[in-house]
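Labels below follow one simple rule: chain letters A, B, ... track the order of the sequence lines, proteins then strands, and each chain is numbered from 1.
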Protein chains: 2
Amino acid sequence: MAEYDHPSLESLTLLGVLRGLADPIRLEIVQHLGSVPEASCTALLGDRPRSSMSHHFQVLRESGLLQTRIQGVQHFNSLRKVDLDERFPGLMDVVLAG
Amino acid sequence: MAEYDHPSLESLTLLGVLRGLADPIRLEIVQHLGSVPEASCTALLGDRPRSSMSHHFQVLRESGLLQTRIQGVQHFNSLRKVDLDERFPGLMDVVLAG
DNA sequence: GATATAGTTCGATAAAAGTCGAATTAAACC
DNA sequence: GGTTTAATTCGACTTTTATCGAACTATATC
């Protein structure tokens, strides 16, 4: 696998981002990523099946909430906080405060 | 019909509110309500069936996003902006700006 | 009381989203 | 090349959510 392509800043929509956040697992992932620079999928796994988590990471990536950097066999996820702050100022602050 | 009971400020959850917002029709309703003091259901109907809209109003009410005042045969909906601003400061500003 | 109006509730259907095991890919390492 | 590790993809299934016509409730008006 080469690399993911992430949606551009301009293509992000409020509805898309809200849909990305509107799931308990994904909200938890996002909030966790608010407190660390980045995290691998495994680090956020808990006791859930990998395939479920992989699905949620995909949704988060496609809605523009996180970006994934591939290093060797690991995928490091981080919040697209700077982008999100520019596009939807204040949103991430509320989400991470909640 | 007597009156609706709306969830208390403390019982609102971020996830619940995000779920309420994560639908195109509901987001549109909320954003519209951001620009008017209140609106009846019919006023926001467009060309959609009443029963569908009634469902969305119920979801919005239960997630704490709006309150409904009954006056005669009409139901007037308004954003719970003050409550939401207190509970999730900044959230509504982003949503209404989007 | 009959009629009109505003909105809800019911119930059936359709569409969307989440779950998760099994198979697969891809890199790393011996 | 074989093995381990990290994560994805596939596909089948379940659950949740949305849609919307038809019947219903409640208020207002004549």
Report yes or no: does A/H6 contribute a side-chain atom to a donor-acceptor pair with the main-chain N or O of A/E62 at less than 3.5 Å? no
Send over the distance from [X] [atom1] to [N] [atom2], rounded to a whole Å.
X	N	atom1	atom2	value
A/R48	C/dT19	CZ	P	7 Å
A/I70	C/dA28	CD1	C1'	15 Å
A/F76	D/dA6	CZ	C1'	10 Å
A/Y4	D/dT9	OH	C1'	10 Å
A/L60	C/dG18	CG	P	10 Å
B/L45	C/dT8	CG	P	11 Å
A/L44	D/dA6	CG	P	14 Å
A/M53	C/dG21	CE	C1'	17 Å

Close N or O pairs between protein and nucleotides 11-17 of chain C (under 3.5 Å):
from: C/dA17; atom 1: OP1; to: A/R19; atom 2: NH2; distance (Å): 3.0

Of the options A/V17, A/V94, A/L18, which is the one that meets B/L18 in a side-chain contact (heavy atoms from CB on, under 4.5 Å)? A/L18
Test of understanding: with side-chain hydrogen bond (donor to acceptor under 3.5 Å, both in side chains), list the residues that count as partners of [X], not counting sequence neighbours.
X	answer
B/E28	none
A/S11	A/S8
A/R87	none

Within the 4.0 Å heavy-atom criterion, would you say A/R61 contacts the bases, only the backbone, or no part of the nucleic acid? sugar-phosphate
Mind listing the N/O atom pairs, protein and nucleotides 21-23 of chain D, below 3.5 Å?
from: D/dG21; atom 1: N7; to: B/S51; atom 2: OG; distance (Å): 3.1
from: D/dG21; atom 1: O6; to: B/S51; atom 2: OG; distance (Å): 3.1

Please determine whether the number of non-hydrogen atoms from other residues, nucleotides or ligands lying under 6.0 Å from atom CZ of B/R48 exceeds 12. no
Close side-chain approach of B/R80 to B/P7, heavy-atom, < 4.5 Å: yes
Check: A/L65 and A/L33 side chains under 4.5 Å, non-hydrogen atoms: no
Selection from D/dT8, C/dT8, C/dG18 that lies nearest to any side-chain heavy atom of A/H56: C/dG18
Contacts under 3.5 Å, N or O only, protein and nucleotides 2-6 of chain C:
from: C/dA6; atom 1: O4'; to: B/V73; atom 2: O; distance (Å): 3.3

Are the ring centres of B/H75 and B/Y4 closer than 6.0 Å? yes
Please compare A/G72 and B/Q58 by the position of their nearest nucleotide in DNA chain C and report the one closer to 5'. B/Q58
Can you measure from NE2 (B/H56) to CZ (B/R61) and round to the nearest 0.5 angstrom? 13.0 Å
In terms of side-chain geometry, is the basic nitrogen of A/D93 or A/K81 positioned less than 4.0 Å from the acidic oxygen of its partner? yes
